[in-house]
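Quick notes on the structure that follows.
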Amino acid sequence: MTGRLQLVRVLVAAGAVLAASLGAVTATAAPSPDGPKTRIVGGEKANTADTPWAVALNNSGSPSPSGQWCGSTLVKADKLVTAAHCVSGYDVATFTAIQGLDVLTDPGGKKSKISSVWIHPDYGQKAGHDVAVLTLATPFTGVPTLPLETEAAADKVGAAAVVYGWGETEGSGPKDTFQKVDAPVLGDEYCAKAYADEGFSGPDEICGGFEQGGKDSCQGDSGGPLVLNGRLFGVVSWGVGCADAGNPGVYAEVATYAATLQEQIG
Ligand code: ARG
């Protein structure tokens, strides 16, 4: 049962890569077997009290007993931005948003079901476009929100972005626990070369992480925030493996979609 769900999960991740690459046959989301066993980026424990807009997006079909599935970002009291591949094809009733909870197996946190899902209409049709806006059934009133980055110029080599999530640690860190890690911008040219087969799309994606690997986001971090200068700069989207040298993380570029997202956010 778990195995089957896990397979489904891998297929979801692979599907995201495939969708992003528009049919490239060599894409795979599976970590390379000899890759470094680093955790979600060789990150460190983070505190949702410091980043209240980082919201866990759990799913009742998750292979993890905690329900851990994806991340998301609170951009208005009743709106979350997440990745399209986190929600595409799933019943809206299977999701629960959890705010202010560092360890997902602990009790507590503000919880809300999702009342509606908007997926970018070009997701799955064109490369990238891995963004979605969710409406909360119970708004997280009074919780600080994160503004969207609107300037394409923010995607500049060396920009000191940080990524947050509850995702996979590849066995070296605590499970289901909120973490953060640096993901400096490597630049569109770097990922265009690194992911020539998978189909990196410079205008709508951000290439972030370290050439030597060791620190990265990973499965389960998808949909969560890549933050720069106090704004939602990117959305965790895909990568080949996690934290492997030469295979950085790919993030949906929020500035590219800011106007479209803002229309949905209202
Ligand atoms: N697609 C993954 C997810 O569904 C996120 C992968 C991020 N990978 C990376 N190497 N940064 O959670």
Decide whether Ser62 and Ser64 meet the rule of one side-chain donor and one side-chain acceptor closer than 3.5 Å. no

Does a donor on one side chain and an acceptor on the other come within less than 3.5 Å for His85 and Ser237? no

For the residue pair Trp166 and Leu101, what are the closest heavy atoms and their distance? NE1-O, 3.1 Å

N/O donor-acceptor pair under 3.5 Å between Thr73 side chain and Ala54 backbone: no

Quick one: closest heavy-atom pair of Val227 and Phe233, and the distance? C-CB, 4.3 Å

Does the side-chain hydrogen bond (donor to acceptor under 3.5 Å, both in side chains) test come out yes or no for Thr96 and Asn58, once each step is laid out? CA-CA 5 Å; Thr96 303; Asn58 280 17; over 6 Å; no

Within 6.0 Å of CD in Glu189, more than 12 heavy atoms from elsewhere: no

Which atom pair, heavy atoms only, marks the closest approach of Phe200 to Ala192? CD2-N, 3.8 Å

Residues which pass salt bridge (Lys or Arg N to Asp or Glu O under 4.0 Å) with Asp102, listed by chain and number, not counting sequence neighbours: Lys45

Can a donor-acceptor pair be found, under 3.5 Å and without considering hydrogens, that links the side chain of Ser112 to the backbone of Pro139? no

Which pairs with one or both residues in residues 181-213 pass disulfide (SG to SG under 2.5 Å), sequence neighbours excluded? Cys191-Cys207

List the atom pairs, with distances to 0.1 Å, where a side-chain N or O of residues 143-157 and a protein N or O form a donor-acceptor pair under 3.5 Å, not counting sequence neighbours.
from: Glu149; atom 1: OE1; to: Arg231; atom 2: NE; distance (Å): 2.9
from: Glu149; atom 1: OE2; to: Glu151; atom 2: N; distance (Å): 3.0

Does Lys111 have more than 12 heavy atoms from other residues, nucleotides or ligands lying within 6.0 Å of its NZ? yes

Tyr257 side chain vs His129 backbone, donor-acceptor pair below 3.5 Å: yes

Would you verify whether the NZ or CZ of Lys180 falls within 45 degrees of the ring axis of Tyr164 while also being under 6.0 Å from that six-membered ring's centre? no

What residues form a salt bridge (Lys or Arg N to Asp or Glu O under 4.0 Å) with Glu253, not counting sequence neighbours? none

Determine whether Tyr123 and Val117 fall in the same hydrophobic cluster, where Ile, Leu, Val, Met, Phe, Trp and Tyr are linked whenever their side-chain heavy atoms lie under 4.5 Å apart. yes

For residues 51-60, which residue pairs pass the salt bridge (Lys or Arg N to Asp or Glu O under 4.0 Å) check, not counting sequence neighbours? none

Pairing donors with acceptors under 3.5 angstrom, does anything connect the side chains of Glu205 and Trp238? yes

Taking every heavy atom of Glu168 against every heavy atom of Cys218, the minimum-distance pair comes out as O-CB, 3.5 Å

Salt bridge (Lys or Arg N to Asp or Glu O under 4.0 Å) with Asp122: which residues, sequence neighbours excluded? Lys126

Nearest heavy atoms of Asn247 and Tyr195, plus distance in Å: C-OH, 3.0 Å

For Lys113 and Thr138, test the side chains for any donor-to-acceptor distance below 3.5 angstrom and give the result as yes or no. no

Are any side-chain N or O atoms of Ser66 and backbone N or O atoms of Gln68, one a donor and one an acceptor, separated by less than 3.5 Å? yes

Are Ser201 and Asp204 linked by a side-chain donor-acceptor pair shorter than 3.5 Å? yes

